There are 2 protein chains.
Amino acid sequence: MSPRIGADLASILSAAVELADSQGLDEVTMASLAAKLNIRSPSLYNHIAGLPALRNRLAIHGLEEICAGMERACAGQRGKEAIRSVARAYVAFAREHPGLHEATIRAPDPREPELRQAGERVVELVLRLLDDCGLTGAAALHAVRGVRSLIHGFASLEQKGGFALALPLEDSFDLLIDAFLAGIGVYELKL
Amino acid sequence: MSPRIGADLASILSAAVELADSQGLDEVTMASLAAKLNIRSPSLYNHIAGLPALRNRLAIHGLEEICAGMERACAGQRGKEAIRSVARAYVAFAREHPGLHEATIRAPDPREPELRQAGERVVELVLRLLDDCGLTGAAALHAVRGVRSLIHGFASLEQKGGFALALPLEDSFDLLIDAFLAGIGVYELKL
DNA sequence: AAATAAAACTAATCACATTAGTTTTTTATT
DNA sequence: AATAAAAAACTAATGTGATTAGTTTTATTT
């Protein structure tokens with residue numbers, strides 16, 4: 001197949017993920033990544049177009065992992081229970097993969113097709129669960145935005161150290177989800 | 001007073017805000033900022049320690065503006081109405097000052113004292129409003145985390161172009177706040 | 001008029017991204 | 001077995017940006 005074997009995109013991506021999760025997304029540079037792979041940075045360009053392209057790949061990879069984790073988490077569940085599960089899966093992902101999570105947030109261009117698709121898959125998953133809760137159409141679409149805002153906001157703030165007080169994070173998150181789900185009826189009423 | 005008049009911290013900050021809001025936070029560099037002020041980048045170090053310090057200042061400034069906007073928005077209001085108002089004020093700020101808002105999220109060190117204080121002032125404001133809703137103690141603290149997650153999550157996603165669908169953003173946000181407020185009772189019940 | 005302090009400047013260094021052009025190595029072909 | 005082709009690695013070079021060191025300029029104060 002290959003006239004010469006070297007780093008391939010998978011190994012590059014995996015090294016980038018490790019770097020991102022251990023050092024933070026900003027420390028993932030063409031230089032640091034090349035060093036981790038024991039090659040020189042120009043060699044990376046044989047595999048990926050540049051740093052923005054790498055970050056885009058990281059973001060896609062992150063969204064795929066998020067989607068997979070959510071699917072796993074809500075398997076066999078329905079309705080509010082399922083929503084609670086996918087929400088927890090999201091923050092769990094952000095904790096396990098802080099750098100990769102950051103990458104999903106700070107993608108270079110949110111309109112990039114493959115990235116968008118990965119995001120849409122998450123939306124579709126949540127949409128399916130909301131359907132079980134009796135939400136369809138525009139109401140459901142608004143509700144997905146709500147769910148995404150909740151989980152993304154909480155995970156981001158937690159990650160950035162925004163929650164300073166000595167108060168169990170787990171409880172804060174569960175209560176937030178509970179409050180939202182308790183009030184989810186407004187999506188039917190007000191539309 | 002001053003042996004020689006040049007750029008002062010206020011003018012530097014204001015130039016940085018303009019740059020951030022018009023070009024994005026990443027385009028605020030010591031180089032671009034100096035160019036905007038018609039000086040050379042090393043001269044900036046007479047006024048600020050470096051790029052991280054500048055970003056920290058921007059973040060503090062942003063939080064102060066957010067707090068001021070919230071105070072203004074909820075003046076004379078109480079309870080849920082007031083919470084709705086401060087939430088709207090937050091997203092309004094993020095729309096008017098996308099770069100400054102980004103700065104508040106991506107501060108170099110969330111533990112920096114002055115930054116923390118600015119953040120705490122926002123927390124205290126919301127805490128005061130929640131008190132009107134009958135929430136105190138740990139319940140109120142959890143609820144503030146909830147409110148912050150909501151507004152920060154929504155504003156971030158909106159700013160990053162995360163809401164692709166053609167669905168009015170205003171409605172999505174109002175519904176989200178409504179749902180949360182409708183379910184806010186769980187903070188009393190479950191604690 | 002001289003001293004001082006603050007601000008600006010130039011010059012230099014270092015890190016990183018990226019491009020161009022060359023060499024190496026493996027596979028496939030003759 | 002020798003060689004042609006492909007893919008990957010390399011070196012060298014450029015450009016941008018942050019930052020430091022050391023120098024010059026200029027307004028204020030003595």
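Note on naming: letters A, B, ... go to the chains in the order of the sequence lines (proteins, then strands), and numbering restarts at 1 for each one. Just so you know, these numbers come straight off a predicted model, no measurement behind them.
For residues 33-42 of chain A, every residue pair satisfying the side-chain hydrogen bond (donor to acceptor under 3.5 Å, both in side chains) rule, not counting sequence neighbours, is listed here: Glu18(A)-Lys36(A). Pairs engaging residues 56-74 of chain B under the side-chain hydrogen bond (donor to acceptor under 3.5 Å, both in side chains) rule: Asn56(B)-Glu112(B), Arg57(B)-Glu114(B) [sequence neighbours left out].
Centroid-to-centroid, the aromatic rings of Phe180(B) and Phe180(A) stay 6.0 Å apart or farther. Checked against a 6.0 Å centroid threshold, the rings of Phe154(B) and His152(A) do not count as neighbours.
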Salt bridge (Lys or Arg N to Asp or Glu O under 4.0 Å) evaluation trace for Arg55(A) with Asp26(A): CA-CA 10 Å; Arg55(A) 289 188 172 201; Asp26(A) 288 326; 3.8 Å; yes
For a side chain to side chain donor-acceptor pair (under 3.5 Å) check, start with the C-alpha distance between Ser43(B) and Asn46(B), then their side-chain angles and the critical distance, and finish with the verdict. CA-CA 6 Å; Ser43(B) 303; Asn46(B) 285 319; 5.1 Å; no
Would Asp174(A) and Arg84(A) count as a salt bridge (Lys or Arg N to Asp or Glu O under 4.0 Å) if you check the C-alpha gap in whole Å, the side-chain angles of each, and the deciding distance to 0.1 Å? CA-CA 8 Å; Asp174(A) 286 347; Arg84(A) 207 184 315 265; over 6 Å; no
Assess the residue pair Leu19(A) and Thr29(A) against the criterion (side chain to side chain contact (heavy atoms under 4.5 Å, CB included)); give the C-alpha distance rounded to whole Å, side-chain angles, the decisive distance to 0.1 Å, and a yes or no. CA-CA 9 Å; Leu19(A) 267 180; Thr29(A) 65; over 6 Å; no
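Taking atom CG of residue Leu44(B) and atom P of nucleotide dA6(C), one finds them 18 Å apart after rounding to whole Å. In this structure, Leu25(B) places its CG atom 15 Å from P of dG17(D), rounding to the nearest Å. Put simply, NZ on Lys36(B) is 16 Å from P on dG17(D), counting in whole angstrom units. Rounded to whole Å, the distance from CZ on Arg40(B) to P on dA18(D) is 15 Å. To the nearest angstrom, P of dT25(C) lies 15 Å from CG of Asn46(A). Atom CG in Leu37(B) sits about 13 Å away from atom C1' in dA7(C), given to the nearest Å. Atom CD1 of Ile5(B) and atom P of dA6(C) are 13 Å apart (whole Å).
One donor-acceptor pair, N or O on each side, does fall under 3.5 Å between the base of dA7(C) and the side chain of Arg4(B).
When all heavy atoms are compared, the tightest approach of Leu181(B) to Lys80(B) is O-NZ, 3.1 Å.
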Please list, pair by pair, any protein nitrogen or oxygen found under 3.5 Å from a nitrogen or oxygen in nucleotides 16-20 of chain C.
from	atom 1	to	atom 2	distance (Å)
dA17(C)	OP1	Met30(A)	N	3.0
dA17(C)	OP2	Met30(A)	N	2.8
dA17(C)	OP2	Ala31(A)	N	2.7
dT18(C)	OP2	Tyr45(A)	OH	2.7
dT18(C)	OP2	Leu51(A)	N	2.9
dT18(C)	O5'	Tyr45(A)	OH	3.2

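Close to dC9(C), at under 4.0 Å from its OP1 or OP2, lies a side-chain N or O of Ser43(B). For dA7(D), the OP1/OP2 oxygens have no side-chain nitrogen or oxygen of His47(A) closer than 4.0 Å.
With the end axes of the helix from dA1(C)-dT30(D) to dT30(C)-dA1(D) each set by five pairs, the angle from one to the other reads 10° at 10° resolution.
For Arg95(A), the salt bridge (charged side-chain N to carboxylate O under 4.0 Å, His left out) test picks out Glu158(A), Glu170(A), with sequence neighbours left out.
Near DNA chain C, defined here as any heavy-atom distance below 4.0 Å, there are no residues from residues 13-24 of chain B.
Put simply, the side chain of Ile177(B) reaches to within 4.5 Å of the side chain of Phe173(B), judged on heavy atoms.
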